[in-house]
Amino acid sequence: MVVSGTPEKILEHLLNDLHLDGVQDKETDTLLDDFLLTYIVFMTTDDLCQALLRHYCAKKYDGKADSPEALCTKRKVLLLASQWTALYKDWLHDDEHSKLFLKTLYRYVLDDVYEYPILEKELKEFQKVLRIHRRHTVDEYSPHRKNRALFHQFSLKENWLQHRGNVNEIEEIFCRVYITDHSYVSIRTKISSCVQDILKIVAERIQHPEEDLALVTVTFSGEKHELLPTEMALSKSLESSSRMYTYRKSDTLNPFPESEETQQRSVRILGMNTWDIALELTSFDWSLFNSIHEQELIYFTFSRQGKAENTLNLSLLLQRCNEVQLWVATEILLCSQLGKRVQLVKKFIKIAAHCKAQRNLNSFFAIIMGLNTASVSRLSQTWEKIPGKLKKLFSELESLTDPSLNHKAYRDAFKKMKPPKIPFMPLLLKDVTFIHEGNKTFLDNLVNFEKLHMIADTVRSLRYCRNNQFANDLPQKEHHEAKFYTNHLLVIDNQQTLFELSHRIEPRV
């Protein structure tokens, strides 16, 4: 167990402990994983790349010839680099230091493999990691053929090292289209969507004639620009760093009045199957959760570089959790009829129960918190009409969100669930943050590696949760209405507006 040390000594110790033949012992495997997950806390990627190249090129002389230890070190550096690229996958695509390092290391191996044929095994493994498919033989590494082979590898087969660049047209993106200053439709759509596509979704979601709507971008300085139906809505909005609003065509200077949010409308969710809605919520959450890289939790906690793209998927899942909570409150508070409002509350209790059964604790927590918001929990006329059986079920579900004893009820229940499962991400982040803030990263100018091991151990829980896929549990066929409803949430994100709605539908006597 490494307790502390300088970055260089920790790396040196790790390389010494690596086994070239067979699997690593548990301690070495854990140390390797801890190091690769947390090295960004105490050294830059460029520092790591340079250190690995120094170790690879170091020659330990035994008389006049290179010692066997030097060759062993080369093989260990290749093993560590392969593990690193396998763990980080496409995260390395955008890092110039790592791309240059991998190219340089590959050239070094090509230089050495003709002299040391034993490196061919490591080279083949390295090629698999780099996704370089062309096969080589030892003869191809002769000095006369190296340059030609290298040109072929990196000019024609270097697909994985290409910068991801502009997102492709089928990639999905999440955006908000504001209806009023305090309410919006959260939309999941293709980045190639045009204005007409966006308006169609918004019109169906707010139950307003599409032909009466226009899409307008509003900059933070107040400048407005109406978009044409065939324009690329998202790129236009993203370029101008503005909000997108939907206005009436008859009044493209002003958004919908806040009061119109309470207009009479059909409550479509009442006609949908609760299990189908829960399945679509789980499908949505899983697509986000499964995209989170373990490294995002480290960046989120330490904010080493402060780049939003380093925590993009994690931020989207946290945003989704918050939006589902607000969506629950919004749907209930926009329903002015008591009978339908009671049906809505019953519906959401059942959906929460189904999310728990589907092992989606992220949406489960969000729905329970939505039902427990002050603007919903104060609706005494609504709650007193909820049947005793459902009240008991809600109480049981609510107990899992009890924060006492460090969320013991949730932790015990979640531990018993088999993977795949989706944790309540804010609590997992809280655990990592608690370790970070309760322990110093450096002690006497040495890296406190014991702290980083605790953080890495917590982050590794993501792997267990994602051990299997939800293939057998998620819907084999799409429930189109439920999918549309859960992919495009209508949300009021202002607590004051929610309270005003609450007091409007059930004034305090």
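Note that the structure is predicted; figures quoted are calculated from it, not measured.
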message = Show, in sequence, the C-alpha distance, side-chain angles and deciding distance for His97 and Gln50, and conclude whether the side-chain contact (heavy atoms from CB on, under 4.5 Å) test is met.
response = CA-CA 9 Å; His97 297 301; Gln50 295 305 317; over 6 Å; no
query = Thinking salt bridges, do Asp111 and Arg107 make one under a 4.0 Å N-O criterion?
reply = no
key: Under 3.5 Å: donor-acceptor pair, side chain of Thr38, backbone of Leu452   = no
ask   = When you check the gap from the basic side-chain N to the acidic O, do Glu323 and Arg176 get nearer than 4.0 Å?
value = yes
key: Within 45° cone and under 6.0 Å: Lys356 NZ/CZ vs Phe364 ring   = no
ask   = Near Phe434 CZ, under 6.0 Å, is it more than 12 heavy atoms from other residues, nucleotides or ligands?
value = no
query = Can we call the ring centroids of Phe484 and His480 under 6.0 Å apart?
reply = no
Partner of Glu122 by salt bridge (charged side-chain N to carboxylate O under 4.0 Å, His left out), out of Lys76, Arg75, Lys74 = Arg75
query = In this structure, are over 12 heavy atoms from other groups packed under 6.0 Å from Asn467 atom CG?
reply = yes
message = Angle between ring planes, Tyr39 versus Tyr88, binned at 30° and 60°: parallel, tilted or perpendicular?
response = tilted
inquiry  = Ring-plane angle category for Phe284 and Phe174, please: parallel below 30°, perpendicular beyond 60°, tilted otherwise.
reply    = tilted
ask   = Ignoring hydrogens and geometry, is there a side-chain-to-backbone donor-acceptor pair from Asn290 to Trp286 under 3.5 Å?
value = no
inquiry  = Please check: side-chain N/O of Glu296 versus main-chain N/O of Asn313, any donor-acceptor pairing under 3.5 Å?
reply    = yes
task = Kindly say whether Pro426 contributes a backbone atom to a donor-acceptor pair with the side chain of Lys430 at under 3.5 angstrom?
result = no
query = Aromatic ring centroids of Phe35 and Trp84 under 6.0 Å?
reply = no
query = Hey, is the main chain of Ile435 close enough, under 3.5 Å, to the side chain of Asn439 for a donor-acceptor pair?
reply = yes
note = Closest heavy-atom pair, His354 versus Ala278, reported as atoms and distance to 0.1 Å, is CB-CB, 3.4 Å
inquiry  = Just verifying a value: how many Å separate Asn372 CG and Thr401 OG1, rounded to the nearest 0.5 Å?
reply    = 6.5 Å
task = State the CG-CG distance between Leu11 and Asp47, to the nearest 0.5 angstrom.
result = 11.0 Å
key: Parallel, tilted or perpendicular, as decided by the 30° and 60° cut-offs, for the rings of Tyr410 and Phe414   = parallel
ask   = In terms of side-chain geometry, is the basic nitrogen of Arg460 or Asp34 positioned less than 4.0 Å from the acidic oxygen of its partner?
value = yes
